[in-house]
S.K.: 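Have a look at the structure that comes next, please.
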Amino acid sequence: MKAVLMAGAAAMALGACARTTGGNGRARAEPAAPSESVPAPDNILLADWTGPYDGVPPFDRVTPALFPEAFEFAIDEQRREVLAVADNPAAPTFANTIEALERAGDRLGRVQSVFGVMTSNMTNPEYQALQREWGPRLAAAYDEIYLNPRLFGRIRAVYEARESAGLSATQQRLATRMYELFARRGAGLNPEQKQQLSGYNQELARLFAEFNQKVLADEETWIVASEAELAGVPADVKATAAAAARERGLPAGQFAIVNTRSAVDPVLTFADNRALRERVYRAFVNRGDNEGANDTNETIRQIVRLRADRARLLGYPSHAHWRMQDTMARTPERAEELMMRVWPAAVARVREEVADQQAMARRLGHDITIEPWDYRYYMEKVRQERFSLSQDEIKPYFQLDNMIEGMFFMANRLYGLEFTENSGEVPVFHPDVRTWRVTRDGETVGVFYGDMFARTGKRSGAWATTYRSRSGLLGDDIVLGSNNNNFAKPGEGEPVLISLDDAETLFHEFGHAIHYFLSDVHYPSLLGTPRDFVEYPSQVHENWVLTPEILNRFARHYRTGEPMPAALVERIEAASRFNQGFATVEYLASALVDMELHTRPDGEVDPDAFERETLAALGMPDEIVMRHRLPHFLHLFSSDAYSAGYYSYLWSEVMDADTWAAFEEAGDVWDPATARRFAEYLLSTGNETDRAEAYRRFRGRDPDVDALLRKRGFPTGQ
């Protein structure tokens with residue numbers, strides 16, 4: 001039932017966005033359920049995956065036209081498999097009910113896995129039409145399973161007998177989680193309520209697709225700039241903007257600044273032309289908030305109201321209370337308590353940062369008051385003055401290929417994972433995608449797909465996902481997983497240089513990859529971890545970017561090949577806590593607004609007014625904007641995945657900071673014993689045990705929030 005339990009989220013539930021986990025490509029030695037066998041049509045999406053590595057997705061042969069037939073057949077097959085479980089005349093047991101459901105829906109999982117890849121990375125009007133049509137139909141198909149009273153009766157019987165049926169602790173946990181999931185999804189409602197609930201879910205699926213497509217349309221717009229307007233901007237950034245202009249057919253001498261973060265942030269950081277910075281900033285922060293065809297405010301209003309209606313129908317005070325039942329925090333109050341412990345210190349630090357920037361502007365003779373489009377620019381000037389350090393000085397040492405080798409070095413030294421490039425051996429969905437064979441102790445454990453560059457038709461942000469995860473029950477041994485980034489691709493022959501922030505993003509997403517390559521779980525439904533745990537393994541691995549071993553070996557100048565000078569490394573380390581007010585406030589503002597929005601019992605909001613009023617009540621500094629404003633907040637409104645859950649990055653960072661402290665306390669951040677314990681208790685176990693208890697086994701106690709405050713340079717009160 002992994003296609004059921006994991007619908008809409010990867011088994012490892014990854015990164016900024018997660019997609020459905022696909023099943024394996026092999027014929028099963030054991031059928032999913034005793035249902036009537038119906039031959040699959042001659043459609044590559046319905047065939048078992050073939051080729052090396054126990055089968056791989058046929059990305060090179062996928063077209064939009066294949067999906068309607070594939071969805072239709074796979075949904076019908078899953079229905080037959082699930083009904084065979086629900087209508088089994090034998091008394092319910094763990095084997096004939098829970099395990100049988102774990103095996104159901106494999107083919108649909110594969111189809112959804114490929115569809116998620118294409119709609120995230122290679123979308124076009126045909127795929128967008130499919131999203132609008134099949135999102136609601138898939139929601140209805142899963143509701144049909146969750147709301148089947150006979151099936152729920154069998155699950156409940158296994159759950160109630162779990163302690164007396166001779167089940168292992170893992171089996172009892174799975175039976176409990178499956179029962180609670182069905183209950184949360186409305187299995188106990190009466191027939192009229194179930195019909196109402198399914199209507200809500202189908203309409204939400206339609207609205208999620210609508211929101212996603214409107215934001216993507218705005219992100220495919222651009223600002224035109226001249227050579228003179230780009231004064232101060234590094235040559236590699238200008239080369240990327242020139243390549244974007246050529247791709248869009250603009251006249252020679254013009255530059256296109258595409259409306260995505262990877263293109264916008266360098267301009268806001270380096271462009272001397274304040275008017276250009278303001279134009280670029282306003283276009284970027286107003287994605288989805290433009291009163292035109294792509295305005296998302298009405299879509300948001302409908303989503304929030306429907307979520308509140310659904311929560312009320314299911315017996316919860318709010319959408320946040322419903323979503324947080326299966327998290328480490330458990331309640332909105334606990335999440336808000338953590339956020340508000342950090343918020344005042346972060347705001348106070350922003351006041352200091354703005355004062356420093358204002359003073360810098362005066363010293364430069366700039367008669368201005370710091371505005372949001374000025375923050376990054378003057379922040380960079382302060383960094384240069386205070387630490388003799390600029391992003392432009394660092395960037396030549398962060399060549400993408402070298403940093404990829406650096407992250408592989410990290411995975412090998414800590415966990416024994418080895419990566420050998422095998423591009424061309426397996427099909428890919430775009431020529432930019434590279435692949436690597438992953439081994440451990442000489443045995444193949446996975447294939448890693450790396451899709452690093454931004455392009456038209458690819459959604460913004462960075463994320464990780466799996467196409468197949470390891471499962472003892474299903475005999476799946478070789479993990480197929482990917483990282484998807486949006487680094488700016490330069491012109492032909494130009495080096496791919498990334499910023500320090502980009503390098504940390506690279507290692508962050510790779511932390512998800514490490515997590516899923518090390519996971520070794522028997523039951524597929526115990527792969528997925530709570531939303532506020534998911535980001536923890538990825539955030540921990542960001543810490544190794546600035547270790548001497550990574551910098552000395554891999555941070556080499558793209559022209560000379562020389563390693564980063566020790567003096568520059570020292571200045572980077574000295575500046576590691578610089579600008580933490582900005583970084584914390586822009587993130588926390590988004591998380592706090594998310595939680596406030598989704599704790600409203602009635603869900604009736606005017607999104608623009610709500611955002612303004614909530615930020616004013618929080619005391620949001622005027623000089624900063626939320627990292628994700630509501631009109632383009634894909635985490636919240638392209639699915640339910642991160643709704644009432646954006647706080648999870650901070651929750652995870654508490655564990656991250658405390659875990660890094662454990663490595664430091666060992667006297668060596670590469671300490672093998674600490675890495676072994678981290679992998680054994682937290683990375684390999686999925687959700688087979690309670691994650692808070694697993695952390696205590698690793699650390700000997702609960703995580704220390706003060707570790708986070710110290711890491712960000714905020715006062716701890718101690």
Side-chain angles (χ1 to χ4, degrees), residues 223 232-233 257 259 261 263-289 339-340 342-387 389-391 499-501 575 577-594 596 608-633 646 649-650 712-715:
I223 296 291
V233 173
I257 302 163
N259 208 9
R261 192 175 300 277
V264 164
D265 278 1
V267 175
L268 295 179
T269 303
F270 295 108
D272 295 328
N273 188 308
R274 192 180 189 220
L276 175 65
R277 294 201 308 268
E278 182 176 358
R279 276 198 294 141
V280 168
Y281 165 85
R282 290 193 182 279
F284 185 67
V285 302
N286 288 322
R287 289 167 294 150
D289 194 21
M339 290 190 283
M340 291 310 298
V342 177
W343 177 257
V347 171
R349 181 59 51 82
V350 166
R351 303 297 183 204
E352 297 172 7
E353 292 171 2
V354 170
D356 290 341
Q357 292 167 33
Q358 194 68 63
M360 171 60 71
R362 285 196 298 271
R363 288 197 295 277
L364 293 172
H366 299 171
D367 185 17
I368 60 123
T369 298
I370 298 296
E371 298 284 359
W373 49 90
D374 299 316
Y375 205 113
R376 292 178 184 274
Y377 179 78
Y378 289 99
M379 169 195 74
E380 185 66 11
K381 299 294 186 189
V382 173
R383 189 203 311 266
Q384 291 177 35
E385 180 182 76
R386 186 170 298 171
F387 303 102
L389 182 69
S390 73
Q391 289 288 351
S499 67
L500 176 56
D501 285 346
R577 292 177 177 175
F578 179 71
N579 204 43
Q580 284 300 306
F582 174 85
T584 307
V585 164
E586 71 158 3
Y587 157 72
L588 264 186
S590 294
L592 286 162
V593 168
D594 165 36
E596 180 66 23
D608 266 349
F610 175 85
E611 181 180 297
R612 286 193 305 272
E613 292 163 5
T614 303
L615 292 175
L618 286 169
M620 177 74 166
D622 293 336
E623 300 85 359
I624 295 182
V625 70
M626 296 163 63
R627 182 167 182 82
H628 304 288
R629 290 193 55 230
L630 292 179
H632 49 253
F633 207 159
Y646 197 62
Y649 287 90
L650 186 68
R712 291 190 173 240
F714 298 159

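Bear in mind the structure is a predicted one, so any value in this text is a computation, not a measurement.
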S.K.: Check for a donor-acceptor pair, side chain of E623 on one end and backbone N or O of V354 on the other, with a separation under 3.5 Å.
M.R.: no
S.K.: Under 4.5 Å between any side-chain heavy atoms of P621 and V585, yes or no?
M.R.: yes
S.K.: Is there a side-chain contact between P631 and N286 in this structure, where contact means two heavy atoms from C-beta onward sitting under 4.5 Å apart?
M.R.: no
S.K.: So, the side chain of Y649 versus the backbone of A591: is there a donor-acceptor pair under 3.5 Å, distance only?
M.R.: no
S.K.: Residues two or more places apart in sequence or in another chain: which of them pass side-chain hydrogen bond (donor to acceptor under 3.5 Å, both in side chains) with Q391?
M.R.: none
S.K.: What is the minimum heavy-atom distance between V625 and M620, and which atoms define it?
M.R.: C-CE, 3.8 Å
S.K.: So how far is it from Q580 CD to E352 CD, rounded to the nearest 0.5 Å?
M.R.: 13.0 Å
S.K.: Quick one: side-chain contact (heavy atoms from CB on, under 4.5 Å) partners of H628, sequence neighbours excluded?
M.R.: R261, S590, F633, H635, Y646
S.K.: Show the nearest heavy-atom pair for residues G619 and V347, with the distance to one decimal.
M.R.: O-CG1, 4.1 Å
S.K.: If you look only at distance, which donor and acceptor atoms sit under 3.5 Å apart when one is on a side chain in residues 364-374 and the other is two or more places apart or in another chain?
M.R.:
residue, atom, partner, partner atom, Å
H366, ND1, Y378, OH, 2.6
D374, OD1, R274, NE, 2.9
D374, OD1, R277, NH2, 2.7
D374, OD2, R274, NE, 3.2
D374, OD2, R274, NH2, 2.6
D374, OD2, E371, N, 2.9

S.K.: Can we say E385 and K381 salt-bridge, meaning some charged N sits less than 4.0 Å from an Asp/Glu carboxylate O?
M.R.: no
S.K.: Applying side-chain contact (heavy atoms from CB on, under 4.5 Å), name anything that partners A355, two or more places apart in sequence or on another chain.
M.R.: none
S.K.: Tell me the closest heavy-atom pair linking A346 and F714, and the distance in Å.
M.R.: CA-CZ, 3.9 Å
S.K.: Sequence neighbours excluded, which residues qualify as side-chain contact (heavy atoms from CB on, under 4.5 Å) partners of E596?
M.R.: T599, F610, T614
S.K.: Going by ring-ring contact (aromatic ring centres under 6.0 Å, His included), name the residues that satisfy it together with F582, two or more places apart in sequence or in a different chain.
M.R.: Y375
S.K.: Do F578 and L389 have side chains that get closer than 4.5 Å, going by heavy atoms?
M.R.: no
S.K.: Sequence neighbours left out, what passes salt bridge (charged side-chain N to carboxylate O under 4.0 Å, His left out) with E613? Give chain and number order.
M.R.: none
S.K.: Report the residues that fulfil salt bridge (charged side-chain N to carboxylate O under 4.0 Å, His left out) with R362, sequence neighbours left out, ordered by chain and then residue number.
M.R.: none
S.K.: Within the structure provided, determine whether E611 and M626 are in side-chain contact (heavy-atom separation under 4.5 Å).
M.R.: yes
S.K.: As an exercise, state the distance from CZ of F284 to CG of D265, rounded to the nearest 0.5 Å.
M.R.: 6.0 Å
S.K.: Taking salt bridge (charged side-chain N to carboxylate O under 4.0 Å, His left out) as the definition, give me every residue that meets it alongside R577, ordered by chain and number, with sequence neighbours left out.
M.R.: none
S.K.: Taking only residues two or more places apart in sequence or in another chain, which ones pass salt bridge (charged side-chain N to carboxylate O under 4.0 Å, His left out) with D608?
M.R.: R629
S.K.: Rounded to the nearest 0.5 Å, how far does CG of L276 lie from CG of L268?
M.R.: 8.5 Å
S.K.: Please report the closest heavy-atom contact between V382 and D356, naming both atoms and the distance.
M.R.: CG2-O, 3.8 Å
S.K.: How far apart are the C-alpha atoms of T584 and R349, what are their side-chain angles, what is the distance that settles it, and do they pass the side chain to side chain donor-acceptor pair (under 3.5 Å) test?
M.R.: CA-CA 9 Å; T584 307; R349 181 59 51 82; over 6 Å; no
S.K.: Tell me every residue that passes ring-ring contact (aromatic ring centres under 6.0 Å, His included) with F270, counting only those two or more places apart in sequence or in another chain.
M.R.: none
S.K.: Test of understanding: with side-chain contact (heavy atoms from CB on, under 4.5 Å), list the residues that count as partners of S390, not counting sequence neighbours.
M.R.: E380, Q384, D392, E393
